[in-house]
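Atom set for the values below is all heavy atoms of this structure, side chains included, hydrogens, waters and symmetry mates excluded.
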Amino acid sequence: MEEIIFLVEESEEGGYMAKGFGVSIYTDAATIEELKIAVKDAVNCHFDDGKKRIIRLHIVKDEIIAA
């Protein structure tokens with residue numbers, strides 16, 4: 001089964017954005033739960049072949065701390 005990996009980051013405007021590795025798929029949403037649905041829909045639209053795929057979300061969170 002093919003695996004599609006997405007880099008997920010917090011958007012500057014709020015919410016989250018996901019970018020596919022090795023595929024031209026980009027989507028965004030207000031919450032992580034909404035993003036999961038949006039990513040599934042985007043993958044199904046991009047690959048209109050009916051095959052099942054594994055979707056991996058690599059969630060990156062930037063934190064700034066003072067020293």
Under 4.5 Å between side-chain heavy atoms, hopping through other hydrophobics if needed: is there a path connecting F6 to I59?
yes
Is the closest side-chain heavy-atom distance between I25 and F47 below 4.5 Å?
yes
Please determine whether residues I5 and L7 belong to a single hydrophobic cluster, defined as Ile, Leu, Val, Met, Phe, Trp and Tyr linked transitively by side-chain heavy-atom distances below 4.5 Å.
yes
Step by step, would you call E33 with T31 a side chain to side chain donor-acceptor pair (under 3.5 Å)?
CA-CA 5 Å; E33 291 305 315; T31 68; over 6 Å; no
For residues 50-58, which side-chain N or O atoms pair as donor and acceptor with protein atoms under 3.5 Å away, sequence neighbours left out?
residue	atom	partner	partner atom	Å
R53	NE	E2	OE1	3.1
R53	NH1	D49	OD1	3.1
R53	NH1	K51	O	3.3
R53	NH2	D49	OD2	2.9
R56	NE	E3	OE2	2.9
R56	NH2	E3	OE2	2.8

What one should report as the nearest heavy-atom pair of M17 and E10 is CE-O, 4.2 Å
V60 reachable from F21 in the ILVMFWY side-chain graph, under 4.5 Å edges:
yes
Taking the side chain as C-beta and beyond, is there a heavy-atom pair between V8 and L35 under 4.5 Å?
yes
Can you see which heavy atom on A38 is nearest to which on D28, and at what distance?
CB-O, 4.3 Å
Side-chain heavy atoms under 4.5 angstrom apart, residues restricted to Ile, Leu, Val, Met, Phe, Trp, Tyr: same cluster for I32 and V43?
yes
With hydrophobic residues grouped by side-chain heavy-atom distances under 4.5 Å, do V23 and V39 end up in a single group?
yes
